[in-house]
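Each chain gets a letter, A, B and so on, in the order the sequences are listed, and its residues count up from 1.
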Number of protein chains: 2
Amino acid sequence: MDISIDEFTRKIRSRGYKLTPQRRVILEILIKNKDNPLTPEGVYKQVKISCSEVGLTTVYRTLELLRKIGVVNHVHFHDGCDRYEINDGKPHHYLICLNCGKVERTNLCFIDKMQKILEKDTAFKITEHCLSFFGYCRFCQLRK
Amino acid sequence: MDISIDEFTRKIRSRGYKLTPQRRVILEILIKNKDNPLTPEGVYKQVKISCSEVGLTTVYRTLELLRKIGVVNHVHFHDGCDRYEINDGKPHHYLICLNCGKVERTNLCFIDKMQKILEKDTAFKITEHCLSFFGYCRFCQLRK
DNA sequence: CTCCGTGCAAAGCATTTGCATGATG
DNA sequence: CATCATGCAAATGCTTTGCACGGAG
């Protein structure tokens, strides 16, 4: 287990933010779903399932806060809503099937290399990136 | 000039879609803005500037149509709206400054290679991808 | 006591849909 | 002239904001 809640709570506190029960619950859910980027609505539902109570507004605000301090990443599946995943320091990239919606994760990555070259070439200081691939999974290829 | 409107209109017609004046205007605008992914609203404004009349709904529908037949790409800048750019066959990737919003384009790309390996490893058939980098441009780095 | 965080309700936008009208091949 | 495309208005859905209440230090 390379993700600990303590590590993240430290990060939150060190920035002067309080670790409220709501923030803790949301963090736990994100850690539990580390392989599955959740929408704010998805986080909200999981909160209910775990028998806790957190307002949807708070979910939105917390996710944005966590993103700002680098605890979660922002991901897009082109389906009209934002998704968030815990940032464990490894690159996460996704394969999204345009037919069945299946999502596969891959951590194959040339991005580090690409990022370094880009930073040198452009003098940009890169802090985040977002990469998703879209296409058809092996089953949907057959079904067409 | 490596982008011709005829090339795209052929693509549209060959799929059984009609080439209406509205679609033509939108195509022209996308070609004119090939270095600058536009939001549907942005396309709509450009239409007005060029003294044409196209409903916003039609803009949405046309962009989605063009995306489906591979004429435009879908891009995300994490700012709450979709963006579209003409697909000239070259990879387009972006550097988005989180401070001033400046967007730079780069076509440095390991994605082709990455895509081939991914397809082999996962049996996914990849048809699109979306890659953006976020960070701070050289000016905003100094201003902080 | 002062802040910061929360949660409700309402507002704000981007996007989609229903439907009657209009244009195209 | 049948079909597909358009455009308005309304609906939808995700996200943000205003504001009063509540809790921690």
Rounding to an integer number of Å, can you tell me how far [X] [atom1] sits from [N] [atom2]?
X: B/Leu65; N: D/dC4; atom1: CG; atom2: C1'; value: 11 Å
X: B/Lys68; N: D/dC4; atom1: NZ; atom2: C1'; value: 14 Å
X: A/Glu64; N: C/dC4; atom1: CD; atom2: P; value: 18 Å
X: B/Arg13; N: D/dA5; atom1: CZ; atom2: P; value: 13 Å
X: B/Leu38; N: C/dA14; atom1: CG; atom2: C1'; value: 16 Å
X: A/Tyr84; N: D/dC14; atom1: OH; atom2: P; value: 13 Å
X: B/Arg67; N: C/dT15; atom1: CZ; atom2: P; value: 13 Å
X: A/Tyr17; N: C/dC3; atom1: OH; atom2: C1'; value: 14 Å

Nearest-nucleotide 5' precedence on DNA chain C, A/Pro21 against B/Lys18: A/Pro21
5′-ward residue of the pair A/Thr62/B/Thr20 relative to DNA chain C: A/Thr62
Ring-ring centroid check A/His76 A/His74, cutoff 6.0 Å: yes
Whether A/His93 and A/His129 hold their rings parallel, tilted or perpendicular, with breakpoints at 30° and 60°: tilted
Could you check whether [X] gets within reach of a base, just the sugar-phosphate, or nothing at all, counting any heavy atom under 4.0 Å?
X: B/Gly16; result: nothing
X: A/Arg23; result: sugar-phosphate
X: A/Glu41; result: nothing
X: B/Glu53; result: sugar-phosphate

Donor-acceptor under 3.5 Å (A/Arg83 side chain, A/Pro37 main chain): yes
Flag, side chain of A/Arg23 to backbone of A/Lys18, donor-acceptor distance under 3.5 Å: yes
Any side-chain N or O of [X] less than 4.0 Å from the OP1 or OP2 oxygen of [N]?
X: A/Thr58; N: C/dG5; result: no
X: B/Gln22; N: C/dA23; result: no
X: A/Tyr60; N: D/dT16; result: no

Can you figure out which of [options] approaches the side chain of [X] most closely?
X: B/Thr57; options: C/dT16, D/dT3, C/dG5; answer: C/dT16
X: B/Arg61; options: C/dG5, D/dT15, D/dC8; answer: D/dC8
X: B/Leu56; options: C/dT15, D/dC4, D/dA9; answer: C/dT15

Closest non-hydrogen atom pair, B/Gly135 against A/Thr127: CA-OG1, 3.6 Å
